[in-house]
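Everything numeric in this text was worked out from a predicted model, so none of it was measured. We number each residue from 1, following the sequence as shown. We count ligands from 1, going down the list as the structure has it; atoms in each ligand are counted the same way. Just the heavy atoms: all of them, side chains too, but no hydrogens, waters or symmetry mates, feed the values below.
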Amino acid sequence: MRVLVTGGAGYIGSTAVAILLERGYEVTVLDDCSTGHFESVPSSAKFISGSILDSKALAEALADCAAVIHFAAKSIVGESVEKPDLYHEVNVEGTRRLLDEMARLGVSKLVFSSTAATYGEPEIIPITEESPTVPTSPYGRTKLEVDQMITAESRLGLAAVSLRYFNVAGAFNSKSGWLTERHSPETHLIPNLLRASVANPLKVFGNDWPTADGTCIRDYVHVVDLIDAHILALEKLTASKHEIINLGSGGGYSVTQVIDAAAKVVGSDIPTQISARRSGDPAVLIADISKAKKVLGWIPTRNIKDMVSDTWKSQNASASK
Ligand SMILES: NC(=O)c1ccc[n+]([C@@H]2O[C@H](COP(=O)([O-])OP(=O)(O)OC[C@H]3O[C@@H](n4cnc5c(N)ncnc54)[C@H](O)[C@@H]3O)[C@@H](O)[C@H]2O)c1
């Protein structure tokens, strides 16, 4: 089966492309490389340079595809506060055009990258798929709007799964080399702490949160486990049904615990600097992943040490190139 991967030049998308190819799928990538990297796309994938906002590019990309995994999006929370119209245009309008082209061409299977940011500040931990959705950023609102759009489309026959990721981390050693996070700016903890130095220490946003060590707790999932869940979802899609499923590890690590794990991996202390809390940051975000286990038969197998050590190896491999 040929699968269209939108955003297949990005961090998570390129990992998906490499793993899909290794498992025997044919893959087409549609990406405008606004935040992704052409060289991250394996050469055996068909690459179409273009935007999901361009219906012609979408039609070209959808040719011969039986299903779509839709990663393409703007995804930096802080930037979404500064540029809400851009986020609405790419994330909501772009997905609208993708769904329209899929309906026109009879492509009726979709796996969508949703996010824990659709839930906002949770009242109850762990967060289930039934938890209230009160996003606190334009980014989270656009993803929730897309989830609702997909539900409406499923009533017309679309088979869809929205996967709500918590914090994705780690890297994948593909046949053509490491695929890893290369965001600019990089807002994610693990790649940033591995680049911290005495001159440029890691900023820890608050050490007075109501948690055991005072730092925020997040739920990290390895990118390879995450893609396994996408492939399971792809294989379980059912016509006229839209499932929403959380993907995390089901447990949390504080910022301090991640820093300690990283210090063990690199064999030296990570230089840090405590700064003020960021507004809108919840103290604790942990996923309830029982639905992923039940519906997809998915169990994440990689822990925080694997995530840190794979990111470390991938950073060292790109530094030595
Ligand atoms: N990284 C995380 O922890 C995380 C957590 C929750 C959800 N997500 C979601 O996962 C998806 C992938 O995230 P990522 O971390 O790999 O981000 P990324 O920025 O590395 O990848 C996004 C890709 O989409 C492409 N793109 C953006 N706008 C486009 C457009 N108009 N047309 C075509 N391509 C376009 C970019 O060039 C990039 O290659 C996003 O939808 C994001 O919202 C990520």
- Could you tell me the separation between the CG atom of Leu226 and the OG1 atom of Thr15, rounded to the nearest 0.5 Å? 9.0 Å
- Message: Apply salt bridge (Lys or Arg N to Asp or Glu O under 4.0 Å) to residues Lys74 and Glu89 and explain how you reach the verdict.
- Response: CA-CA 10 Å; Lys74 295 277 161 206; Glu89 189 191 14; over 6 Å; no
- Message: Working to the nearest 0.5 angstrom, can you tell me the gap between Phe166 CZ and Tyr220 OH?
- Response: 13.0 Å
- Item | Minimum side-chain heavy-atom gap Ser174-Leu21 below 4.5 Å | no
- Task: Could you name the protein residues that come within less than 4.0 Å of ligand 1, counting only heavy atoms, and order them by chain and residue number?
- Result: Gly7, Ala9, Gly10, Tyr11, Ile12, Asp31, Asp32, Cys33, Ser34, Thr35, Gly36, Gly50, Ser51, Ile52, Phe71, Ala72, Ala73, Ser75, Val90, Ser113, Ser114, Thr115, Tyr139, Lys143, Tyr165, Phe166, Val168, His183, His188
- Partner of Ser249 under side chain to side chain donor-acceptor pair (under 3.5 Å), chosen from Asn303, Thr301, Asp219: Asp219
- Between Tyr165 and His230, does a ring-ring contact (aromatic ring centres under 6.0 Å, His included) hold up when you go through it step by step? CA-CA 11 Å; Tyr165 319 158; His230 285 66; 5.4 Å; yes
